[in-house]
Amino acid sequence: MSQKKVRVRFAPSPTGGLHLGGVRTVLFNYLFARHHGGEFVLRIEDTDQTRYVPGAEEYIMECLRWCGLEADESPLKGGPYAPYRQSERKGLYRQYAEQLVAAGHAYYAFDTPEELEAMREVEKARGNHSPQYNHSVRKTMRNSLVMDAAEVKALLEKGTPHVVRIKMPENEELRFTDMIRGEVSFQTSTVDDKVLLKADGMPTYHLAVVVDDYLMKISHAFRGEEWLPSAPVHILLWKYLGWEADMPQWAHLPLILKPDGNGKLSKRDGDRLGFPVYAMNWTDPKTNELTRGFREIGFLPEAFVNMLAMLGWNDGTGQEIFSIEELIARFSIERVHKGGAKFDYDKAKWFNHQYIVKTDNALLANLFKPVLLEKGVAAEPAFVAHVAGLVKERCHFINEIWDHGFFFFIRPDKYDVDAVKPKWSAEKQAFFEEWAAGLAGLEDFSFAPLEESFKQLATSKGIKPGELQLPFRIMLCGGKFGPPVFVIAETLGKAETIERIRLGLAALA
RNA sequence: GCCGCGUUGGUCAAUCGGCUAAGACGCCUCCCUUUCACGGAGGAAUGACGGGUUCGACUCCCGUACGCGGUACCA
């Protein structure tokens, strides 16, 4: 086990958009694989045909691509253990189920859904809160444990619908070491006889995960904490199938919780509280309902990934901003938290802000292009980049470049006159008229000489320069926002600045 | 109900028996800036509870409480 090549897998079922927690599971798998020079495989667990959602699989792969967490082997890429879609592996599973039956570790069950329901009703009437198909009731049901061999054979030959169930031992203690939680133990008496093979011939998750992890030589299996209660089934299966020596090491990841109250974070919480939960936009093919994703809301994938990495993991040094290379170098599954973490959208925004600030201006300009297009504004890439550099430190999202710098592209269409009017005077008006006139002759239109001439004239007229700066800003931007005023003027250029003073003065009159 | 897993400020969290309990987000005050941010300096705010073990417990053990997860021919 220790010398085994590291191979991990992310095994989603394609039932909808990829949730934050799912991406984090991908990330931890990916980081672990890269850290150990191993392989990361994507396996699609589509064994429940009733839950099939068209487009979900493509969506998942696009998410991984956007996040930069692509798998080495996948349905799309193929690989030595193909196929990577369980529905295409259907024929594989039955033989293992039969093998378990033959060894006495599983059995055929012919109970119909109605009979199962009847059993549950009887049990509930007896005060049993959660009726299970287990050692205490299996002897009263219609299965190969109670029927004689000939009868079973006849039913099977007639093609009677049936499932295969695992025969849980009545009273054994099962323990295993979880890489995050340490020693975990269960009593087999509390686990029911899970269905392994469904009546439609498809395996359930329980059988499929074990068979495929074995066949695909998975060395470490990471999954959400919600799987912990069924771990005993999986461990027993590894044992019964005779593969115990090859069993992967388990790690059950903590859940990502909703910010308010408690409980698993769900799409609904995002809708309710106003933040994305899915990695990218997802449109439900049935209802046509659109759920906004982190990508479309303006997150940089690096920021998204970094933020996710810190949800349940840290390297112990206090560092929070990590490149993917650093994450790969420092990641260790043992440092993953046991407890769930509440999702904090403010912190997520802070991460994105950090990445925007350190992203190259030309790159930001490129990402901002769609917004300009949407606004119907044409501008030189170099100019856009310059503006991005001027405003990026006040942005949490790419599209906020517009909110903080639109006036570089278009003239203000309204002025915050209330901010100026109360203190406005004929003297100030005269100052701007005179200064604007003098501007025409200014040779160096960069911010320092601009500011210098502005202050000189103000002082000579006996006005505090500070009292003139806000009006000037309003004339250029229309409101109380933006980078330092003289930098704005420099960027706008001489002609435009003079024109905006003229228009501003008119608006204030 | 039963089973399992958790529990350090509002949130993310460090600590692997010596704590005057880091750091970050958010919040508040001040400085910088007569915009907003950035930056800088401060501040409020934390070990669920009760028992052990120990010279010493946030750290180890046992209970209790609380929370979450599971309890399907779903994953």
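Labels below follow one simple rule: chain letters A, B, ... track the order of the sequence lines, proteins then strands, and each chain is numbered from 1.
The aromatic rings of A/Phe409 and A/Phe368 are tilted relative to each other, their planes meeting at an angle between 30° and 60°.
Among the heavy atoms of the strands, none lies under 4.0 Å from A/Arg223. Within 4.0 Å (heavy atoms only), A/Pro465 reaches no atom of the nucleic acid at all. Heavy atoms of A/Gln319 sit nowhere under 4.0 angstrom from any nucleic acid atom. Across all strands shown, A/Asp193 has no heavy atoms under 4.0 Å from either base or sugar-phosphate atoms. Contacts of A/Lys349 with the nucleic acid, taken as non-hydrogen atoms under 4.0 Å apart, are absent. Within the nucleic acid shown, A/Val184 comes within 4.0 Å of sugar-phosphate atoms alone, with no base atom in reach, counting heavy atoms only. Residue contacts for A/Ala341: at a heavy-atom cut-off of 4.0 Å it reaches the sugar-phosphate backbone alone, with no base atom in range. Within the nucleic acid shown, A/Ser185 comes within 4.0 Å of sugar-phosphate atoms alone, with no base atom in reach, counting heavy atoms only. Within the 4.0 angstrom heavy-atom criterion, no nucleotide atom of any strand lies near A/Leu196. Counting non-hydrogen atoms under 4.0 angstrom, A/Pro484 reaches a base of the nucleic acid. Within 4.0 Å (heavy atoms only), A/His337 reaches sugar-phosphate atoms of the nucleic acid but no base atom. A/Glu393 comes within contact range of at least one nucleobase, with a heavy-atom separation under 4.0 Å. Within 4.0 Å of A/Gly482, counting heavy atoms only, lies at least one base atom of the nucleic acid. Residue A/Thr15 is classed as having no contact, given no heavy-atom separation below 4.0 Å to the nucleic acid.
Judged by the 6.0 Å distance and 45° axis criteria, A/Lys421 is not positioned over the aromatic ring of A/Trp424.
Taking atom CE of residue A/Met119 and atom C1' of nucleotide B/rC73, one finds them 12 Å apart after rounding to whole Å. With rounding to whole Å, A/His135 atom NE2 is found 13 Å from B/rC3 atom P.
Of the candidates B/rC38, B/rC5, B/rG1, the closest approach to any side-chain atom of A/Glu225 belongs to B/rC5. Of the candidate nucleotides B/rG23, B/rC74, B/rU34, B/rC74 has the atom nearest to the side chain of A/Thr204. Closest approach to the A/Glu226 side chain among B/rC73, B/rG4, B/rG70 is made by B/rG70 (side chain taken as heavy atoms from C-beta onward). Nearest nucleotide to the side chain of A/Thr190, out of B/rA75, B/rU34, B/rC3: B/rC3. Listed nucleotides B/rG26, B/rG6, B/rU35 differ in distance to A/Arg394; the shortest reach to its side chain belongs to B/rU35.
Counting heavy atoms from C-beta on, the side chains of A/Lys423 and A/Lys428 come closer than 4.5 Å.
Between B/rC73 and A/Arg165, a contact under 4.0 Å exists linking OP1 or OP2 to a side-chain N or O.
A donor N or O paired with an acceptor N or O is not found under 3.5 Å between the base of B/rA72 and the side-chain atoms of A/Lys194. Side chain A/Ser130 to base B/rG1: a donor-acceptor pair is found below 3.5 Å.
Under the side chain to side chain donor-acceptor pair (under 3.5 Å) rule, A/Asp193 has a single partner from A/His135, A/Arg165, A/Arg138, which is A/Arg138.
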